[in-house]
Every structure is written in C-alpha cells, then in structure tokens.
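Here's the structure we're looking at; comments come further down.
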Amino acid sequence: MDSGKKSFLVLHGPNLNLLGSREIEIYGNLSLEELNGLLHTEAERLGVKLECYQSNSEGDLLDHIHGAVGKNQGIIINPGAFTHYSIALRDALAGVNIPAVEVHLSNIYAREEFRRRSVIAPVVRGQISGFGPQSYFLALRALCEIDEE
Ligand code: DQA
C-alpha cells in the first residue's frame, strides 16, 4: 500500500454517466461528476484514497476489477442494470478477493420485479440500496471499518 493510505475503487456501471438528467424522480439531480467530487472530499476527510471510474461496457468494468488486485483495498460498485444478470461481473468480484460493497441509489427491492434480484449480492460483503447518493457514502464508511486487509 503506497503512502500508507488505503485506496478504494468506485465503479459506476451503465447509464450512470447520465446521473443528474436521467429519471431524476428516481435517481435525483446530482450529476456523476458532482457525486464523485463529494466522494473525493469525504475520502480525504476519512484519510483514504479514491479512484472513480464509470463505464457502459461490461468488459471495461471487468478489467478495472481485475486491475484492482494489489492496488485497491476495497471496491464500491454500482453495477447498474448488470446487477440483475451479469455473471461475469459476479465472477470477477468473487475472483479478486477484495472486499466489495454493492450500492444502488434506488431501493431495487421496491421497484420492478426484474430489479429485485441481484446476482452480485452473494459475492460482496454487503449491499446498500435506496439511500440515493448516501448509499455510496455509507459504503465508503463500511469499507473504512474493515481492517483485516
Ligand atoms: C441502479 C438500479 C438498477 O436497477 C438500474 O439498472 C440502474 C441504477 C441504482 O443505482 O438504483 O442503472 O443500480
């Protein structure tokens, strides 16, 4: 771990680049850039490093999960729609042995039937769903509390 600080990777999946303009009644009006900015400020306050990355492509997200090995001590991931069917993302998270927290802005269990199942949840430390941008901040706090890695 360089500089003695933990480094966490924040991964935003498909369509999250549209935050702030996309279905604002569900996802709110904070843009992704604003969210990442607030997360960086909070990370600094907590004394950890943060890398934020968004992609609409499953392969890019897989590469970033693989690339976290030896570099990041925790992963916060909002897999977007991949939550509900990407076995590849699930296998990547299961394979890297880095504590991960799955986050969702909306409460996926209070929405359409197809969103009520996460194929990711069984392989992560925990899932935080339904608190808007706070879901990410709660995940950050949770990762900071994990101290065995
Ligand atoms: C989401 C919920 C998913 O069902 C949806 O496909 C998203 C966003 C959320 O943050 O609430 O893209 O992950």
Side-chain angles (χ1 to χ4, degrees), residues 6-46 48-69 71-146 149:
K6 283 186 180 182
S7 171
F8 300 142
L9 176 64
V10 181
L11 286 178
H12 306 282
N15 297 308
L16 292 164
N17 53 311
L18 299 179
L19 276 186
S21 61
R22 167 196 188 198
E23 297 180 280
I24 53 176
E25 64 293 352
I26 298 173
Y27 300 116
N29 48 24
L30 198 68
S31 71
L32 185 62
E33 208 185 336
E34 289 166 338
L35 173 59
N36 286 339
L38 293 171
L39 282 168
H40 274 110
T41 305
E42 180 65 0
E44 206 164 300
R45 198 185 68 81
L46 292 166
V48 296
K49 290 201 288 183
L50 217 58
E51 287 171 50
C52 298
Y53 182 76
Q54 188 275 332
S55 179
N56 294 317
S57 143
E58 192 180 27
D60 276 352
L61 294 168
L62 293 174
D63 290 343
H64 275 75
I65 294 169
H66 300 167
V69 176
K71 197 166 121 196
N72 301 113
Q73 289 70 50
I75 297 174
I76 295 170
I77 182 165
N78 183 345
F82 289 142
T83 303
H84 314 297
Y85 65 90
S86 176
I87 306 301
L89 273 186
R90 173 196 170 115
D91 286 352
L93 289 163
V96 294
N97 203 25
I98 298 171
V101 182
E102 174 188 345
V103 300
H104 299 284
L105 294 154
S106 63
N107 177 354
I108 59 171
Y109 301 99
R111 299 186 62 195
E112 302 95 321
E113 188 67 41
F114 66 86
R115 292 187 206 276
R116 295 185 195 157
R117 171 171 175 258
S118 167
V119 299
I120 307 297
V123 301
V124 291
R125 291 294 179 101
Q127 183 201 63
I128 301 170
S129 175
F131 296 96
Q134 276 300 327
S135 294
Y136 288 84
F137 293 97
L138 291 167
L140 187 54
R141 293 251 313 268
L143 282 181
C144 287
E145 301 286 324
I146 296 175
E149 279 80 18

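We number each residue from 1, following the sequence as shown. Whatever order the structure lists ligands and atoms in, that order sets their numbers, starting from 1.
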Between [X] and [Y] (side chain of the first, backbone of the second, donor and acceptor by atom type, cut-off under 3.5 Å), is there such a pair?
X    : Y    : answer
N17  : S55  : no
T83  : S118 : no
R125 : P99  : no

In terms of atom number and element, which parts of ligand 1 are under 4.0 angstrom from non-hydrogen atoms of [X]?
X    : result
S106 : 2 (C), 9 (C), 11 (O)
R22  : 7 (C), 12 (O)
H84  : 3 (C), 4 (O)

Y136 and H12: side chain donor to acceptor below 3.5 Å: yes
Shortest non-hydrogen contact from C144 toward L46: SG-CD1, 4.0 Å
Roughly how far, to the nearest 0.5 Å, is the OG1 atom of T41 from the CZ atom of F137?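 Reported to 0.5 Å precision, the distance equals 8.0 Å.
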Just going by heavy-atom distances, which of L18, N78, I26, N15 is nearest to atom 13 (O) of ligand 1?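 The option holding the nearest heavy atom is N78.
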What I want to know is whether [X] and ligand 1 share at least one N or O pair that is separated by under 3.5 angstrom.
X    : answer
I108 : no
A81  : yes
R115 : yes

